[in-house]
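Nothing here was measured: the structure is a model prediction, and the numbers come from that model. Scope of the values below: all heavy atoms of this structure, side chains included, with no hydrogens, waters or symmetry mates. Numbers restart at 1 for each chain; the letters A, B, ... are given by sequence-line order, proteins then strands.
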Protein chains: 4
Amino acid sequence: MIVINERSPIPIYEQIIQQLKELILKGAVTSGEKLPSVRELSATILVNPNTVSKAYQELERQGVIETLRGKGTYVCSQQAAKITPEMLEQIRQSLKQTVLEASYAGISGEQLKTWIDQYLLELRSGTNA
Amino acid sequence: MIVINERSPIPIYEQIIQQLKELILKGAVTSGEKLPSVRELSATILVNPNTVSKAYQELERQGVIETLRGKGTYVCSQQAAKITPEMLEQIRQSLKQTVLEASYAGISGEQLKTWIDQYLLELRSGTNA
Amino acid sequence: MIVINERSPIPIYEQIIQQLKELILKGAVTSGEKLPSVRELSATILVNPNTVSKAYQELERQGVIETLRGKGTYVCSQQAAKITPEMLEQIRQSLKQTVLEASYAGISGEQLKTWIDQYLLELRSGTNA
Amino acid sequence: MIVINERSPIPIYEQIIQQLKELILKGAVTSGEKLPSVRELSATILVNPNTVSKAYQELERQGVIETLRGKGTYVCSQQAAKITPEMLEQIRQSLKQTVLEASYAGISGEQLKTWIDQYLLELRSGTNA
DNA sequence: GTGGTCTAGACCACT
DNA sequence: GTGGTCTAGACCACT
């Protein structure tokens with residue numbers, strides 16, 4: 001369910017984080033569900049275990065998943081997600097940056113809004129991106 | 001007119017690129033206008049000349065500015081901007097990623113759209129962000 | 001009487017050790033009293049028997065409890081507790097470490113001392129923490 | 001200035017974190033000061049660069065130090081330290097645990113308080129522990 | 001020069 | 001079985 005793009009400038013552990021979050025939001029992986037172990041996932045997606053481990057640790061720090069010692073890693077109930085003002089500002093900044101690039105490329109605000117709606121729909125319906 | 005944040009996760013040369021593009025879109029710097037030299041700008045914003053140079057090179061590669069040997073660096077007329085399908089896809093991806101993070105933080109699509117409109121307004125009116 | 005927190009960073013067997021020691025110090029479990037068997041306790045607190053077994057072994061090693069083959073596990077008379085210089089040093093170190101973290105968090109020495117008195121009172125009065 | 005104990009149960013990266021915090025609290029390393037680079041420190045204390053890097057990243061997350069890309073790592077002005085309720089509770093818990101062990105070892109509350117004062121004095125006077 | 005990421009593989013504590 | 005730590009060493013982006 002997770003696909004790594006080795007040529008992407010986005011670090012592999014970030015790709016894992018993003019895709020797991022997407023799977024959770026889509027409901028493909030639900031609260032309380034056990035995730036594949038570090039070794040399993042690393043074997044499946046052909047990535048070093050350390051890299052998967054780094055992704056899991058970061059997701060735990062963000063309150064998305066939790067680790068029970070010796071038992072495995074589980075998806076948290078999502079109301080636990082911790083949002084800080086810094087995270088909010090970072091989202092605003094990255095949106096701003098995207099809009100700037102889009103303006104440069106001649107993409108209208110309307111087009112961007114349509115894409116937002118499309119993607120939100122995908123998330124809600126659990127469709128693949 | 002350019003302000004660098006050393007602590008930002010965005011590389012300094014990227015900050016220069018973004019802010020120059022923003023200034024151009026806002027009309028604060030117009031087509032054909034001469035930009036400060038690498039040395040001038042690096043002295044003004046207290047940044048290593050290599051870093052400014054890297055920003056200028058990237059902007060030139062993107063068709064935003066052009067360097068005339070011995071004469072200086074000038075803003076291109078903007079219809080020249082080259083939009084490739086890859087750039088378009090990259091914009092879609094970064095928008096998608098922002099929406100994903102926003103969803104996680106409980107930010108609605110409506111909120112994101114409002115922010116887009118706000119920012120576009122800023123660009124058009126030439127107001128500072 | 002023992003409550004395990006699976007999410008705690010403290011290993012489960014350590015939690016058992018701590019809580020048993022606390023119960024003994026509070027007088028809720030007295031010298032010579034028989035403890036539940038490994039199987040009983042593991043069934044009560046929903047923990048793997050190996051984990052309870054590990055806790056009991058460590059408590060025995062520390063001279064807190066003793067196992068009589070075929071008869072069960074009993075609380076030792078507590079003057080038997082063996083304090084080595086290493087244990088003393090370890091206590092000093094962990095106190096030092098706690099004070100360091102507290103200083104960082106802006107917690108005063110007075111506050112720490114108040115907490116110590118509070119907790120000692122709890123132990124003596126047998127109140128629950 | 002940093003000494004690693006390979007036999008300690010405390011992870012090496014944690015030892016680095018603790019000792020750097022101690023050096024900062026003692027004023028041996030002051031706000032704005034540049035720390036040794038990852039490579040330098042790793043060579044000095046004979047530890048793998050990855051391990052030092054992990055310590056630095058965690059300290060940055062805690063707001064103790066900050067990394068300027070390509071320039072190095074610097075001590076933050078300490079009012080920036082972020083204290084969460086979870087951290088406070090964790091400090092209380094580790095104090096409680098220490099008091100419990102101390103009680104078991106026959107160490108009085110008074111003794112513990114004396115040690116606290118001693119260590120705080122060391123921190124303030126910049127004396128070595 | 002700086003730190004960040006990644007692989008490969010070992011070892012360990014915990015359940 | 002589970003995840004966490006660590007070494008050794010490569011490569012990369014940024015200043």
Closest nucleotide of DNA chain E for A:R39 versus for A:T51: which of these residues is on the 5' side?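 In this pair, the answer is A:T51.
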
Could you check C:N48 against A:I10 and say which one's nearest nucleotide on DNA chain E is further toward the 5' end?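 Going by which nucleotide is closer to the 5' end, it is A:I10.
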
For DNA chain F, which consecutive runs of 3 or more Watson-Crick or G-U pairs (each distance under 3.5 Å) count as stems?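 Correct response: E:1-14 with F:1-14.
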
Quick check on DNA chain F: between D:K54 and D:N50, whose nearest nucleotide comes earlier from the 5' end?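 Its nearest nucleotide lies further toward 5', so the answer is D:K54.
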
Let me know, please, whether B:Y13 or A:K71 comes out on the 5' side of the other along DNA chain F by nearest nucleotide.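 Nearest-nucleotide comparison on DNA chain F picks A:K71.
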
A:R61, CZ atom: more than 12 neighbouring heavy atoms under 6.0 Å: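 For A:R61, atom CZ is crowded (more than 12 foreign heavy atoms under 6.0 Å).
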
Assess whether atom CD of C:Q90 is packed by more than 12 heavy atoms of other residues, nucleotides or ligands within 6.0 Å.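 12 or below, so no.
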
For [X] versus [Y], what's the shortest heavy-atom pair and its separation?
{"X": "D:Q18", "Y": "C:L100", "result": "O-CD2, 3.5 Å"}
{"X": "B:Q19", "Y": "B:M1", "result": "OE1-O, 4.1 Å"}
{"X": "A:T98", "Y": "B:S94", "result": "OG1-OG, 3.3 Å"}

Of A:M87, A:Q57, A:K21, which is the lone residue that meets side-chain contact (heavy atoms from CB on, under 4.5 Å) with A:Q62?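 The residue from A:M87, A:Q57, A:K21 that satisfies side-chain contact (heavy atoms from CB on, under 4.5 Å) with A:Q62 turns out to be A:K21.
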
Between A:Q93 and A:Q97, does any side-chain donor sit less than 3.5 Å from a side-chain acceptor?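 The criterion, which ignores hydrogens and geometry beyond distance, is not satisfied for A:Q97 and A:Q93.
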
Determine the contact category for D:I12: base if any of its heavy atoms lies under 4.0 Å from a base atom, sugar-phosphate if only primed atoms, P, OP1 or OP2 are that close, otherwise nothing.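 Sugar-phosphate only.
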
Compile the donor-acceptor pairs under 3.5 Å between side chains in residues 64-72 of chain D and protein atoms, sequence neighbours left out, one pair per line.
| unit_1 | atom_1 | unit_2 | atom_2 | d |
| --- | --- | --- | --- | --- |
| D:E66 | OE1 | B:R7 | NE | 2.6 |
| D:E66 | OE2 | B:R7 | NE | 3.1 |
| D:E66 | OE2 | B:R7 | NH2 | 3.0 |
| D:T67 | OG1 | D:E60 | OE1 | 3.1 |
| D:R69 | NH1 | B:P9 | O | 3.1 |
| D:R69 | NH2 | B:S8 | O | 2.9 |
| D:R69 | NH2 | B:I10 | O | 3.1 |
| D:K71 | NZ | B:E6 | OE2 | 2.9 |

Going 5' to 3' along DNA chain F, between which two nucleotides do contacts with chain A fall, using a heavy-atom cut-off of 4.0 Å?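 On DNA chain F, the outermost contacted nucleotides are F:dG1 to F:dC6.
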
